[in-house]
Structures are given as structure tokens and as C-alpha cells.
K.L.:
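Let me begin by handing over the structure; questions about it come next.
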Amino acid sequence: MKRTEKKPRPHGVYVVEGEGDKAFWTRIGAAWSHDDGKGFNISLSCLPLDGRLVVREPKAADAGEEAGQ
């Protein structure tokens, strides 16, 4: 059975070090929301030793990145 619905893009997972304009953001993974909207599955490519984790919705401008544009 082939699905015709488009899957939502994953959220980006970042480690953020610093505050305000001097904060340094590094993307370290992705997060997909559960079908019931009550949680996330998170895949990380590394674990931060410092800073804080931030999960953000994808920007519309990022749509071409995964398509190779």
C-alpha cells in the first residue's frame, strides 16, 4: 500500500552555547513528533557536554536543503 500523504519535516535539534546575540548554535540531530502530538522521537549525531538542547520547527526556507537545491 502506497501512502500519498506527505510526511512532515523533522524539527531540528541544536545545542546552544552562550546567550543572546553571542549564542552559538550547532545542529546535532532531528526530532519527529508522534502521531498523537504528545511527544517526539529524537535522533542525535553527538551528545553535547555543555550548553542546552533546543528543538525548533523547520523553516520554510530550509525546504530546498534536503532536496539538494
K.L.:
For the pair Ser45 (side chain) and Ile28 (backbone), establish whether a donor and an acceptor sit closer than 3.5 Å, ignoring hydrogens and angles.
P.N.:
yes
K.L.:
Between His11 and Pro58, what is the shortest heavy-atom contact and its length?
P.N.:
CA-CD, 4.1 Å
K.L.:
Should Leu47 and Leu53 be regarded as members of a common hydrophobic cluster, given that ILVMFWY residues are connected when their side-chain heavy atoms come within less than 4.5 Å of each other, either directly or indirectly?
P.N.:
yes
K.L.:
For a quick test of reading the model, state the closest non-hydrogen atom pair linking Pro48 to Cys46 and the distance between them.
P.N.:
CD-O, 4.0 Å
K.L.:
Checking one residue: Trp32. Which other hydrophobic residues are in its cluster under the side-chain 4.5 Å linking rule?
P.N.:
none
K.L.:
Take a 6.0 Å sphere around CG of Asp36 and say whether it holds more than 12 heavy atoms from other residues, nucleotides or ligands.
P.N.:
yes
K.L.:
Shortest non-hydrogen contact from Pro10 to Ala30?
P.N.:
CB-CB, 4.0 Å
K.L.:
Are Val15 and Leu44 joined in one hydrophobic group, where the rule is that I, L, V, M, F, W and Y side chains link up if heavy atoms are under 4.5 Å apart?
P.N.:
yes
K.L.:
List for me each residue that meets side-chain contact (heavy atoms from CB on, under 4.5 Å) alongside Val54, sequence neighbours excluded, and say none if there are none.
P.N.:
Val16, Trp25, Arg52, Arg56
